[in-house]
Amino acid sequence: MTSFFEEETTLFADLILPVPIPSLFTYRVPREMSELIKVGARVIVQFGKKRVITAVIANIHTNPPVKYQAKYILELLDEQPIVTARQLELFKWVAEYYLCNIGEVLNVALPAGLKITSQSRIQLNPEFDYEELLTEQEKLILEEIKKHQTLSYEEVERLIAKSNITSVIKSLVGKRAIILFEEVKERYKPKVVRKVRLGASFLDNDALVKLTSSLDKVPKQQEIVLKYLSHVPVYNNPELNQKGLDKSFFSQDDKISNASLNSLIKKGIFEQFEIFVSRFEDIPLKDGAVITLTESQKEASAQIHELFAEKEVVLLHGITGSGKTEVYIELIKQALQSGTQVLFLLPEIALTTQIVIRLRKVFGDVMGIYHSKFSDNERVEVWKGILDGKFQFVVGVRSAIFLPFNNLGLIIVDEEHETSYKQHEPAPRYNARDVAVIMSYMHKGKVLLGSATPSLESYYHAKNGRYGLVEMTQRFGNAALPTFELIDIKKEKKQRKMKNEFSSVLLENLEHNLKNKEQTILFQNRRGYSPYLQCEECHWISECANCDVSLTYHMRVGELRCHYCGHKEEVPRTCPNCGSTKVKTMGYGTEKIEDEINLMFPQARVQRMDLDTTRAKNAYQQIIQEFEDGGIDILVGTQMVSKGLDFDNVSMVGIFDADRIIHFPEFRASERAFQMLTQVSGRAGRRAEKPGKVLIQTANPAQKLLERIITNDYIGMYEAEIAEREKFNYPPFTRLIKVTVKHPDEPVSNKAAKILAEKLTAELGTSRVLGPQPPLVERVRNQFLFDILIKLEREKINFKAVKSFIQEKVIDVLTDKTLKSIQVIIDVDCL
DNA sequence: AGCACGCCGACT
DNA sequence: GTCGGCGTGCTC
């Protein structure tokens, strides 16, 4: 089949570039690359005039583009694809479904270490000596460059404390004072360990004896050799020498200097070599513990197994403390045994905890961990580890769904109701739980969704037979469910029994718990000291300059902070409006609760756990460890304390401000409140002999939802809610698409949103289009927001067509001259 | 997204 | 008169 022409054919490759542009870009494959190039491999290309970026090959063909001249691919980075064909298919699906560009998907999918960025770097032109021609500023920059050899734009900006230096740099280039060059940096650095072993000529016993005696005059070196021999007995088994010893093994010993080791290497007595190692070695491995399932766990896993025969997706609804983890472990084992890969998804915060350590103990090093708190290098290791078969099983967060599996038999989505599976910013605004279902179709695998409080959507699908349903209603080890007490704070206030936020009942119980050395968790879903400050004289309220929200007072750092844009201010001593000194804190967050406990129970050891105390890499884990070890009596926290923590000695959970959670102005409020409060309550009393206690402070103890929470009546909540959803056409009966219009001018934003809403309503009808209306926070980062909510019934509607229709209308509005500067965000399946 | 080009205000 | 602001348009 060989002919001249085949040899002459030039190949072209369509590339996915990590930029938000809808199209692929076609580049020419240099002849010498054409044998090696593969779909899914990365290449380096020039994009635009000077940018040099990495791209992934989406397909290879022989059709030269007609409308433009294709540029050449500069470099091929991978001999083997790092993105599989299935992944490309998935990326495409995600881009289409969530209305974004495939480049944006690639951007969240690839760990940063597999992306390459080019950076322009600046260096001195060695032939330049006309400094008198330069302006002061240019001289300044030149000085810095002389000092540092080479600098990036950002570094120059930082050093001379000025932004937007491009034109100055240009001028310097024009005057031939400096030279620009592109530096492409490969981000991923495998971890290497330097090792030494004996040179091959010393491996028989005679040679060894001669060697040691010949070193009599250099005792230090002799000592090293002897030390080596005592750890690697090569005279018995020369094979052992192959693995050698870590160089660091010797440097740990104070008596051994690096110099003497190096001279041994120089002499050829030792040879130095390097090996690549994994970065996960410090997490404990298998401990050989045998996990035995209880009857109900066995039953659940058998049921799931059966249901998988007919359903793609099974929902495991197991109450808090029912021991779902063991069921997961059983299923993971089965899947791994059948030779398929397994992915276990967890919400971000749950991942740092006990469960990972537990899984790791069972599965050892076939398990990879994919987490945002891990460094990039570690993520690249997991990615590559899956590609070359090292990891059969990955535990990870949301973005782990994009890892390069080729034979994924089982995906477990734990805490499937968690909203953190949905990405909000930036695009793709995907929901990993839903993408998991699509993935399982692609791999012909199965999905297990697990939760104590399933999302209404998932439970609805399970009830309707689309998903299988397995229920676990018993707590593990027959631990009793906690007892509940609703505390009427209105009544307590009338009787003047409240002490700030604390009811007398809560205080009594706290005291009792402290006395008995039992631990308490206090839940207030609001961080900071107080959500706002107010002047008693003129009623001024602390507000963010860029957003329409109040500034939260953070006492520890002595700042007012905006939780939307991160804006910070000093705390005013007097009212900025009237000068009065009567500026008071209003409302309360975790900081204030912590503070008041410290005042009322000075002997208690209190720790706060919220975003502010857990920002550092290991802070979260440290707090949990300390709590587990009994070093903390009272843990005060936001929803962080509600996720997947198992503590034996927690006998009480106190909940503040349940009403605020229940009456949040949002259609999912009841569902969310049920989930959140049930999850926190579940932290109490996980022991059989000692049921825990949950105290809920509320202004309205008679609320139906509270009754359902305290009787653990998920079904009751589900039925009440689902009726509401059906009546008002909300999910799961419809799919929601939220279109948000943003602009710094309120009227522009408003007008654009109105026009867009009209266009949409004209086709879809008033019952399907809601708004535009300003969201709860109307202005964020100085942009005025308007939301349009589109409700689309699940049946008899061409979802895809409607989505492209929406996109079309958005483009219509964007072509209007007066409105084109607006930003539009389309969020498919918004939460 | 980045980056260049181009067209108008406030300064040497 | 220039510097430098950011609106606009393009990237194979």
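Naming: A, B, ... by sequence-line order, numbering from 1 per chain.
- Atom CD1 in A:Ile53 sits about 9 Å away from atom C1' in B:dG2, given to the nearest Å.
- Across all strands shown, A:Gln69 has heavy atoms under 4.0 Å from sugar-phosphate atoms exclusively, and none from any base.
- Among residues two or more places apart in sequence or in another chain, the side chain to side chain donor-acceptor pair (under 3.5 Å) test is passed with A:His424 by none.
- No side-chain donor from either of A:Asn546 and A:Tyr564 sits under 3.5 Å from a side-chain acceptor of the other.
- Within the 4.0 angstrom heavy-atom criterion, base atoms lie near A:Ile21.
- Across B:dA4, B:dA1, C:dC12, the shortest atom-to-atom separation from the side chain of A:Lys49 is found for B:dA4.
- When the P atom of C:dT11 is taken as reference, atom OH of A:Tyr72 falls 20 Å away, rounded to whole Å.
- The distance between atom NZ of A:Lys67 and atom P of C:dC10, rounded to the nearest whole Å, is 14 Å.
- Closest to the A:Lys820 side chain, of the nucleotides C:dC12, C:dG9, B:dA1, is C:dG9.
- Sequence neighbours left out, the pairs with a member in residues 418-429 of chain A that pass salt bridge (Lys or Arg N to Asp or Glu O under 4.0 Å) are A:Glu418-A:Lys643, A:Lys422-A:Asp827, A:Glu425-A:Arg429.
- Summarising the geometry, the separation between CZ on A:Phe47 and C1' on B:dA4 is reported as 14 Å, rounded to the nearest angstrom.
- As a whole-Å value, the separation of A:Arg51 CZ from C:dC12 C1' is 13 Å.
- Of all the heavy atoms in A:Pro731 and A:Leu736, the pair that sits closest is CG-CG, 3.6 Å.
- For the pair A:Lys50 NZ and B:dG2 C1', the interatomic distance rounds to 10 Å; values are reported in whole Å.
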Exercise for review: Mind running side-chain contact (heavy atoms from CB on, under 4.5 Å) on A:Ile16 and A:Leu24 for me, showing each step along the way?
Suggested key: CA-CA 5 Å; A:Ile16 305 171; A:Leu24 297 178; 3.7 Å; yes
Exercise for review: Decide yes or no on side-chain contact (heavy atoms from CB on, under 4.5 Å) for A:Leu343 and A:Ile401, but give the supporting numbers first.
Suggested key: CA-CA 8 Å; A:Leu343 172 63; A:Ile401 196 75; 3.9 Å; yes
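- Straight-line distance from the CG atom of A:Asn101 to the P atom of C:dC10: 17 Å, rounded to whole Å.
- Here the CG atom belonging to A:Asn107 is positioned 10.5 Å from the CZ atom belonging to A:Phe91, to the nearest 0.5 angstrom.
- Within 4.0 Å of A:Pro65, counting heavy atoms only, lies no atom of the nucleic acid at all.
- For the pair A:Lys71 and C:dC12, the criterion of a side-chain N or O lying under 4.0 Å from OP1 or OP2 is met.
- Put simply, CD on A:Gln46 is 17 Å from P on B:dG2, counting in whole angstrom units.
- In this structure, the nucleotide among B:dA1, C:dC12, C:dG9 sitting nearest to the side chain of A:Phe25 is C:dC12.
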Practice item. Dot-bracket notation for DNA chain C is requested: 5' to 3', Watson-Crick or G-U wobble pairs only, both distances under 3.5 Å, with ( ), [ ], | and . as defined. Key: |||||||||||.
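- Nucleic acid contact for A:Tyr27: sugar-phosphate only, since backbone atoms but no base atoms lie under 4.0 Å from a heavy atom of the residue.
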